[in-house]
*Asks:* 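There's a structure below that I have some questions on.
Please read these numbers as outputs of a predicted model, since none were measured by experiment.
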Amino acid sequence: MQRGYFDMNDLCVIPARGGSKRIPRKNIREFCGKPVIAYSIIAALESGLFDEVMVSTDDTEIAAVAQSYGASVPFMRSEKASDDYSTTADVMFEVLDSYEKKGIRIQRLCCLYPTAPFVTADELQRAMKLFDQGASSVIPVCSYDFPPLRGFRIDEEGSLVYAFPEYATCRSQDLPELMHDCGRFYIAWVNKYIESGSFLTDNTMPLRISAEAVQDIDTLEDWAVAEQKYEALSRRGSL
């Protein structure tokens, strides 16, 4: 007898392992009054886009915090997908495989990072609308605040040289615009994600994000800057 499947349209996965070398307990550290992971969970739930918002974690404390804010934790992440060398893809494929074994096929997958306090439900909704325009995946991006093609590097002799000498004499306005990943979420049709093994697929569309609402949080210094930016944006009603 052929196995029956239930198709789930949209799943949001928040990957939040317990280990963090630079910022201990990073994923549940308090950020402006709430555990930082709470902002991602709340935005995903408020967007109304997802059939399920789940957290993939190997840590029981993170699991409890996630559930207290309304996310599900249907299983604990394996050791193989939780070490320092595991990738986002390792986590996503483990999640997809787990749901497949339960007879659930996911149509569209969102990976939403747990340290993304600037993400909003509106951003997620705007990203999802790009699929109506034919996107196979969507990645939030932001312009560099300085043209990277005008950057320097240090050569073998210790001298400063242009990294891209072919652009050294170009006017800034004539340089091609380069964007960087905002590090908050990715969304893709699952078949396209599996096909490419990445959220960068054959027709990835950008969701442009303002630089003032983008901040990496990799160090304690980053964390302090992010809180200042968050509080300033909140006072202005921009979040």
*Asks:* Quick check: closest heavy atoms across L207 and F185, and the distance to 0.1 Å?
*Replies:* CD2-CZ, 3.8 Å
*Asks:* For the side chain of D10 and the backbone of D51, is there at least one donor-acceptor N/O pair under 3.5 Å apart?
*Replies:* no
*Asks:* Say you draw a straight line from CD1 of I104 to OG of S98; how long is it, rounded to the nearest 0.5 Å?
*Replies:* 8.5 Å
*Asks:* Determine whether a donor-acceptor pair (N or O, by modelled atom type, separation under 3.5 Å) exists between the side chain of S159 and the backbone of D155.
*Replies:*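 No.
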*Asks:* For C170, does its backbone N or O pair with a side-chain atom of D174 as donor and acceptor, under 3.5 Å?
*Replies:*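 No, D174 side chain to C170 backbone: no donor-acceptor pair under 3.5 Å.
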*Asks:* Considering non-hydrogen atoms only, spot the tightest contact between E227 and E30 and give its length.
*Replies:*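 The pair with the smallest heavy-atom distance is OE2-O, 3.9 Å.
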*Asks:* Is the F199 ring parallel, tilted or perpendicular to the Y193 ring (thresholds 30°, 60°)?
*Replies:*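 The rings of F199 and Y193 sit tilted, inter-plane angle from 30° to 60°.
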*Asks:* Given side chains that start at C-beta, do those of V161 and R153 come closer than 4.5 Å, heavy atoms only?
*Replies:*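 Heavy-atom side-chain distance check passes, below 4.5 Å.
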*Asks:* I28 and M76: same hydrophobic cluster, using ILVMFWY side-chain contacts below 4.5 Å?
*Replies:*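 Same cluster: I28 reaches M76 through Ile, Leu, Val, Met, Phe, Trp or Tyr contacts under 4.5 Å.
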*Asks:* Got a sec: does the CD1 of I154 have more than 12 other heavy atoms crowding it under 6.0 Å?
*Replies:* no
*Asks:* Quick check for you: to the nearest 0.5 Å, what is the distance between F146 atom CZ and S172 atom OG?
*Replies:* 7.0 Å
*Asks:* To the closest 0.5 Å, what do you measure between OG (S78) and NZ (K80)?
*Replies:* 7.5 Å
*Asks:* How far apart are the C-alpha atoms of S20 and R25, what are their side-chain angles, what is the distance that settles it, and do they pass the side-chain contact (heavy atoms from CB on, under 4.5 Å) test?
*Replies:* CA-CA 6 Å; S20 178; R25 311 302 292 159; over 6 Å; no
*Asks:* Can you see which heavy atom on R77 is nearest to which on A16, and at what distance?
*Replies:* NH2-N, 3.1 Å
*Asks:* Is there a side-chain contact between K229 and V225, using heavy atoms and a 4.5 Å cut-off?
*Replies:*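 Result yes, sub-4.5 Å side-chain heavy-atom pair found.
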*Asks:* Between Y85 and D90, is any side-chain donor less than 3.5 angstrom from a side-chain acceptor?
*Replies:* no
*Asks:* For the pair D58 and R17, find out whether any cationic side-chain nitrogen is under 4.0 Å from an anionic carboxylate oxygen.
*Replies:* no
*Asks:* Can you find a heavy atom in the side chain of C142 that is under 4.5 Å from one in the side chain of H180?
*Replies:*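 Answer yes - side chains close enough.
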*Asks:* So I217 and P117, do their side chains get closer than 4.5 Å, heavy atoms only?
*Replies:* yes
*Asks:* Does the side chain of L149 come within less than 4.5 Å of E166's, by heavy atoms?
*Replies:*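 SC-SC contact between E166 and L149 ruled out.
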*Asks:* Is E79 atom CD crowded by more than 12 heavy atoms from other residues, nucleotides or ligands, each under 6.0 Å away?
*Replies:* no
*Asks:* What is the minimum heavy-atom distance between F118 and Q215, and which atoms define it?
*Replies:*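 Between these two residues, the closest heavy atoms are CE1-CB, 3.9 Å.
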*Asks:* Y186 and side-chain hydrogen bond (donor to acceptor under 3.5 Å, both in side chains): which partner among D181, T204, T88?
*Replies:*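 Filter result, single survivor: D181.
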*Asks:* If hydrophobic clusters are built from ILVMFWY residues whose side chains come within less than 4.5 Å, do L11 and F131 share one?
*Replies:* no
*Asks:* Please report the shortest heavy-atom distance between N27 and V36, naming the atom on each side.
*Replies:*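 Heavy atoms of N27 and V36 come nearest at O-CG1, 3.3 Å.
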*Asks:* Return the CD1 to CG distance between I187 and L109, rounded to the nearest 0.5 Å.
*Replies:* 9.5 Å
*Asks:* Determine whether R126 and E123 satisfy the following criterion, side-chain contact (heavy atoms from CB on, under 4.5 Å), listing intermediate values before the conclusion.
*Replies:* CA-CA 5 Å; R126 288 193 291 118; E123 274 182 17; 3.6 Å; yes
*Asks:* Taking side chain as C-beta onward, heavy atoms only, is K26 less than 4.5 Å from R29?
*Replies:*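 A side-chain contact under 4.5 Å is absent here.
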*Asks:* Between T201 and E195, is any side-chain donor less than 3.5 angstrom from a side-chain acceptor?
*Replies:*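 On atom types as modelled, these side chains do not qualify, holding no pair under 3.5 Å.
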*Asks:* Heavy atoms only: give me the nearest V55-A71 pair and the separation to one decimal.
*Replies:*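 Of all heavy-atom pairs spanning V55 and A71, the closest is CG2-CB, 3.9 Å.
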*Asks:* Any heavy-atom pair between the side chains of R105 and E100 that's under 4.5 Å?
*Replies:* yes
*Asks:* How far does SG of C32 sit from CD of E231, to the nearest 0.5 angstrom?
*Replies:* 4.0 Å
*Asks:* With side-chain contact (heavy atoms from CB on, under 4.5 Å) as the test, would you mind laying out the steps for M128 and F50 before giving the verdict?
*Replies:* CA-CA 11 Å; M128 201 65 85; F50 305 105; 4.0 Å; yes
*Asks:* Measure the CG-CG distance between D216 and D222 for me, rounded to the nearest 0.5 Å.
*Replies:* 6.5 Å
*Asks:* Kindly say whether the aromatic ring centers of Y39 and Y113 come within a distance under 6.0 Å.
*Replies:*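 Centroid separation for Y39 and Y113: 6.0 Å or greater.
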*Asks:* Are I139 and V119 connected into the same hydrophobic cluster when the rule is that any two of I, L, V, M, F, W, Y join if their side-chain heavy atoms are below 4.5 Å apart?
*Replies:* no
*Asks:* Can a donor-acceptor pair be found, under 3.5 Å and without considering hydrogens, that links the side chain of S136 to the backbone of N203?
*Replies:*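 Pair found, side chain donor or acceptor close to backbone of N203.
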*Asks:* According to a 4.5 Å side-chain heavy-atom criterion applied to Ile, Leu, Val, Met, Phe, Trp and Tyr, with indirect links allowed, do V73 and M92 form part of one hydrophobic cluster?
*Replies:*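 Different hydrophobic clusters.
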*Asks:* According to a hydrophobic-cluster definition based on side-chain heavy atoms being under 4.5 Å apart (Ile, Leu, Val, Met, Phe, Trp, Tyr only), do L49 and L130 belong together?
*Replies:* yes
*Asks:* In sequence, state the C-alpha distance, the side-chain angles, and the governing distance for I106 and E52, and then conclude on side-chain contact (heavy atoms from CB on, under 4.5 Å).
*Replies:* CA-CA 10 Å; I106 312 301; E52 185 176 350; over 6 Å; no
*Asks:* Regarding S56 and E94, do their side chains bring together a donor and an acceptor under 3.5 Å, going by distance alone?
*Replies:* no
*Asks:* Do P74 and K102 have side-chain heavy atoms sitting under 4.5 Å apart?
*Replies:* yes
